[in-house]
Amino acid sequence: CEKMGIECAPIGPVVYYRGFTRAFLAGETETSEELLAKVGDAVDSLAKNKQVVIIDGVGFPAVGSICGTDNASVALASSYPVESSNGTTTRRKPL
């Protein structure tokens with residue numbers, strides 16, 4: 001990205017380190033709401049004056065689901081429209 005002059009965040013606001021799930025369950029990390037708020041803030045920051053924002057991430061699905069940071073929750077926190085199986089669409093308002 002930097003070589004092409006594209007603004008980016010080289011590492012996301014939520015990082016799953018070894019032992020993260022155990023620490024989360026012990027209450028030693030930020031809450032799910034705080035983690036998702038960091039995602040929304042990061043996307044909002046990068047999205048200013050942009051027509052397109054590409055969000056990519058890595059992580060283990062089990063960690064995300066246990067911590068409330070599963071793919072659907074992260075998409076919603078990113079203001080990305082999330083369509084459920086019953087046809088309803090949910091979207092978070094940008095900060």
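Just so we're clear, the structure is a prediction, and the values are computed from it rather than from any experiment. Position 1 is the first residue of the sequence, and the numbers go up from there.
Applying the side chain to side chain donor-acceptor pair (under 3.5 Å) rule to Lys3 yields no partners; only residues at least two apart in sequence or on another chain are considered. Annotation: salt bridge (charged side-chain N to carboxylate O under 4.0 Å, His left out) contacts of Lys48 (sequence neighbours excluded): none.
When all heavy atoms of Phe24 and Ser32 are compared, the pair lying nearest together is CZ-OG, 3.4 Å.
Criterion: ILVMFWY side-chain heavy atoms under 4.5 Å apart, direct or through other members. Under it, Val39 and Ile66 are part of a common hydrophobic cluster.
With side-chain heavy atoms closer than 4.5 Å counting as contact, directly or through intermediates, the hydrophobic cluster containing Ile11 also holds Val15.
With values rounded to the nearest 0.5 angstrom, Ser73 atom OG is found 11.0 Å from Leu35 atom CG. A distance of 10.0 Å separates CG of Leu76 from CG of Asp70, quoted to the nearest 0.5 Å. Rounding to the nearest 0.5 Å places CG of Leu25 at 6.5 Å from SG of Cys67.
Heavy-atom contacts from other residues, nucleotides or ligands closer than 6.0 Å to CD of Glu34 number more than 12.
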Side chain to side chain contact (heavy atoms under 4.5 Å, CB included) between Tyr17 and Thr29, intermediate numbers included: CA-CA 11 Å; Tyr17 54 84; Thr29 68; 3.6 Å; yes
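In this structure, Ser45 contributes its side chain and Asp41 its backbone to no donor-acceptor pair below 3.5 Å.
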